[in-house]
Novice: 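Sharing a structure here in structure tokens format.
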Amino acid sequence: MSDTLIEVRDLHKSFGQHGIIDGMNFEVPENEITVLMGPNGVGKTILLCCLAGGLHADRGDVEVFGSDPWDVRHKMNFLLQEGSTLDNLSGRENVDFFTNLHPGTTDKWRDLVETFGIEDELDKLVRNYSGGMTRKLALSLTFGADVPLYLLDEPTAALDLSTIRTLHDVILQEKERGKTFVITSHTPLDAQIADRILFMLDGSIVEADVPETLLDSLPPVVRFTELGRREVEDHLLEGHLFRRGGSARAFLAPDSDIEQLRAETDGRVERDPPTYTDLFNYYTAIYAGEQHDSDTEPPITNPR
Ligand SMILES: Nc1ncnc2c1ncn2[C@@H]1O[C@H](COP(=O)(O)OP(=O)(O)OP(=O)(O)O)[C@@H](O)[C@H]1O
């Protein structure tokens, strides 16, 4: 059983009249990868800033290593969403600047710039880097500090698929070394490395569990090709259809039967195991809609 590294109790955070975080409770176990998912603007970055000690709660408590986050900021490193590199400096000058700022700095950034393939770009000005190169530099600087806790705000943004895999390897290796991660993400790919997923909507955590349990709790998933929406929509949860390329996926409505649907469509509908993309679609499109549609009914999380 892991120790709890971060504890958030009844956290509230507003800007003026605009409530962003509304009574949030969760824990982050030590030496786990916690992935915080949710659509744009629900407060993921604000939450990470509270965990990093850069913003104070209006109400409630945030404890990191059992202390106020600001008092233990030397034990963590924070990758900002916009990156923290300076455009008018070269990559190498950025390294000199940022490695002097963090007490946990080591020479690890040298290996990381090679891992991310930007070692030959370090003498160029960062303003001439692509978005992906800038991200790789920021990641190298973040992991260059050897600390027990990393807070990463959308680390995979701007990265291509093979670089996302490289980053996942780096994160998993660091986890092997005992590190703890809180990662915000929009991409279902990041769920693949999660020990625990937190779904955030409108300033609250609406679901938190290990990925397998979340996948198991989804309504049945169906996949089909060459069918019009009208042919199937009565059988679909909330009538939602998620198209990708030539095929589409959806969740079966609670009162629908897969065998009946297959019979009606000459077998052109298949039941499919749920994927992380389904999980993301369910919480961001369907669950969010249920929350807005009904303030009194409990959300349907397992209609099977
Ligand atoms: N300094 C601020 N003052 C006022 N409102 C703010 C401030 N910073 C963020 N907000 C608002 O807080 C809300 C949550 O922002 P936040 O950046 O945390 O969302 P997010 O979930 O990280 O979104 P995204 O996925 O797009 O990055 C947004 O409505 C944003 O406009």
Side-chain angles (χ1 to χ4, degrees), residues 4-28 34-87 98 101-102 131 134-135 138-139 141-142 145 147 149-158 180-187 190 194 196-208 280 283-296 299:
T4 298
L5 200 148
I6 297 175
E7 197 163 350
V8 173
R9 288 183 301 266
D10 195 32
L11 175 65
H12 287 75
K13 181 70 195 171
S14 305
F15 291 104
Q17 297 297 310
H18 189 187
I20 310 290
I21 296 180
D22 186 21
M24 188 178 280
N25 295 281
F26 66 92
E27 294 178 356
V28 173
T34 296
V35 175
L36 183 63
M37 298 196 127
N40 290 126
V42 292
K44 300 183 296 297
T45 298
I46 299 297
L47 175 59
L48 277 198
C49 290
C50 292
L51 301 184
L55 284 175
H56 287 288
D58 299 334
R59 187 144 62 87
D61 285 313
V62 177
E63 282 192 358
V64 181
F65 299 100
S67 302
D68 183 284
W70 183 253
D71 295 338
V72 288
R73 61 192 183 282
H74 57 285
K75 291 187 176 183
M76 54 178 132
N77 212 1
F78 186 8
L79 175 79
L80 297 169
Q81 190 173 345
E82 302 306 328
S84 43
T85 50
L86 299 168
D87 275 2
F98 284 104
L101 287 184
H102 201 296
T134 309
R135 201 71 179 154
L139 285 162
L141 293 169
T142 303
V147 286
L149 171 63
Y150 293 97
L151 306 175
L152 309 179
D153 198 3
E154 291 186 34
T156 47
T180 303
F181 291 84
V182 181
I183 301 173
T184 69
S185 176
H186 286 293
T187 163
D190 288 333
R196 182 172 301 268
I197 296 175
L198 309 184
F199 262 99
M200 190 166 165
L201 292 175
D202 292 339
S204 304
I205 303 289
V206 295
E207 201 65 84
F280 193 74
Y283 279 99
T284 53
I286 293 180
Y287 190 109
E290 286 169 359
Q291 292 287 72
H292 290 300
D293 290 347
S294 167
D295 290 336
T296 49

Novice: Determine whether a donor-acceptor pair (N or O, by modelled atom type, separation under 3.5 Å) exists between the side chain of Ser185 and the backbone of Thr187.
Specialist: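 Here the side-chain-to-backbone pair exists.
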Novice: Decide yes or no for Met24 and Leu47: does some side-chain heavy atom of the first lie under 4.5 Å from some side-chain heavy atom of the second?
Specialist: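 Answer yes - side chains close enough.
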Novice: Would you check if Leu151 and Leu79 make a side-chain contact, meaning some heavy-atom pair closer than 4.5 Å?
Specialist: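 A side-chain contact is absent here, since even the closest heavy-atom pair is not under 4.5 Å.
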Novice: What's the verdict on side chain to side chain contact (heavy atoms under 4.5 Å, CB included) for Lys75 and Val147, showing C-alpha distance, side-chain angles and the deciding distance?
Specialist: CA-CA 5 Å; Lys75 291 187 176 183; Val147 286; 5.5 Å; no
Novice: Measuring from atom OG of Ser204 to atom CG of Leu198, what distance do you get when rounded to the nearest 0.5 angstrom?
Specialist: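 One gets 12.5 Å once the value is rounded to the nearest 0.5 Å.
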Novice: With a 4.5 Å heavy-atom cut-off, do Pro155 and Ile183 have their side chains touching?
Specialist: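 Side-chain contact under 4.5 Å: yes.
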Novice: Find the distance between CZ (Arg9) and CG (Asn25) and round it off to the nearest 0.5 Å.
Specialist: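 The distance works out to 9.0 Å.
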Novice: Quick one: does Ile46's side chain get under 4.5 Å of Ile21's, heavy atoms only?
Specialist: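 Contact flag for Ile46/Ile21 side chains = yes.
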Novice: Determine the minimum heavy-atom distance between Leu201 and Val42, stating which atoms define it.
Specialist: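 Nearest heavy atoms, Leu201 then Val42: CA-CG1, 3.9 Å.
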Novice: Could you please spell out the steps behind the side chain to side chain contact (heavy atoms under 4.5 Å, CB included) verdict for Tyr283 and Met37?
Specialist: CA-CA 9 Å; Tyr283 279 99; Met37 298 196 127; over 6 Å; no
Novice: Could you tell me which non-hydrogen atom of Gly19 sits nearest to which non-hydrogen atom of Ser14, and how far apart they are?
Specialist: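 Closest approach of Gly19 to Ser14, heavy atoms only: CA-OG, 3.6 Å.
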Novice: Is the shortest heavy-atom distance from the side chain of Thr34 to the side chain of Phe181 under 4.5 Å?
Specialist: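 Answer no - side chains too far apart.
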Novice: Measuring from Arg73:CZ to Ser67:OG, what's the distance to the nearest 0.5 Å?
Specialist: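 Reported value, rounded in 0.5 Å steps: 12.0 Å.
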Novice: What heavy-atom pair brings Val64 and Leu51 nearest, and what distance separates the two atoms?
Specialist: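 Where Val64 meets Leu51 most closely, the heavy atoms are CG2-O, 3.6 Å.
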Novice: Is Val35 close to Phe199 at the side-chain level, that is, under 4.5 Å between some pair of heavy atoms?
Specialist: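 Counting from C-beta outward, Phe199 and Val35 never come under 4.5 Å.
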Novice: Check the pair Glu7 / Val62 against side chain to side chain contact (heavy atoms under 4.5 Å, CB included), numbers first and verdict last.
Specialist: CA-CA 6 Å; Glu7 197 163 350; Val62 177; over 6 Å; no
Novice: If I take atom CG from residue Leu36 and atom CZ from residue Phe26, how far apart are they, to the nearest 0.5 angstrom?
Specialist: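 Answer rounded to 0.5 Å: 6.5 Å.
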Novice: Would you say the side chains of Glu154 and Thr184 form a donor-acceptor pair under 3.5 Å?
Specialist: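 Per modelled atom types, Glu154 and Thr184 side chains form no pair under 3.5 Å.
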Novice: Tell me which pairs pass salt bridge (Lys or Arg N to Asp or Glu O under 4.0 Å) where either residue lies in residues 13-23, with sequence neighbours left out.
Specialist: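 Salt bridge (Lys or Arg N to Asp or Glu O under 4.0 Å) check on residues 13-23 returns Lys13-Asp58.
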Novice: To the nearest 0.5 angstrom, please state how far the CG atom of Asn40 sits from the OG1 atom of Thr284.
Specialist: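 With rounding to 0.5 Å, CG (Asn40) is 10.5 Å from OG1 (Thr284).
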Novice: For the backbone of Thr134 and the side chain of Thr85, can you confirm whether one donor and one acceptor N or O come within less than 3.5 Å of each other?
Specialist: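 No, because the side chain of Thr85 does not come within donor-acceptor range (under 3.5 Å) of the backbone of Thr134.
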Novice: Tell me the closest heavy-atom pair linking Ala52 and Pro69, and the distance in Å.
Specialist: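 Residues Ala52 and Pro69, closest heavy atoms: C-CB, 4.0 Å.
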Novice: Say whether, by atom type as modelled, one donor and one acceptor occur between the side chain of His102 and the main chain of Met76 under 3.5 angstrom.
Specialist: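 Present.
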Novice: So, the side chain of Asn77 versus the backbone of Thr142: is there a donor-acceptor pair under 3.5 Å, distance only?
Specialist: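 Yes, Asn77 side chain to Thr142 backbone: donor-acceptor pair under 3.5 Å.
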Novice: Does a salt bridge link Lys44 with Asp153, judged by any charged N lying under 4.0 Å from a carboxylate O?
Specialist: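 Answer for the salt bridge query: no.
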Novice: Verify, without hydrogens or angle tests, whether His56 (side chain) and Gly54 (backbone) share a donor-acceptor contact under 3.5 angstrom.
Specialist: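 Between the backbone of Gly54 and the side chain of His56 there is no qualifying donor-acceptor contact (under 3.5 Å).
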Novice: Under a 4.5 Å cut-off applied to non-hydrogen side-chain atoms, are Asp10 and Asp61 in contact?
Specialist: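 In short, these two side chains do not touch, never coming nearer than 4.5 Å.
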Novice: Mind checking whether Leu86 and Phe98 have side chains closer than 4.5 Å, heavy atoms only?
Specialist: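 Yes, side chains in contact.
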Novice: Using every non-hydrogen atom in the two residues, find where Ile6 and Val8 come nearest and quote the distance to one decimal.
Specialist: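 For Ile6 and Val8, the tightest heavy-atom pair comes out as CG2-CG2, 4.0 Å.
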Novice: How many angstroms lie between atom OH of Tyr150 and atom CZ of Phe78, to the nearest 0.5 angstrom?
Specialist: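 With rounding to 0.5 Å, OH (Tyr150) is 14.5 Å from CZ (Phe78).
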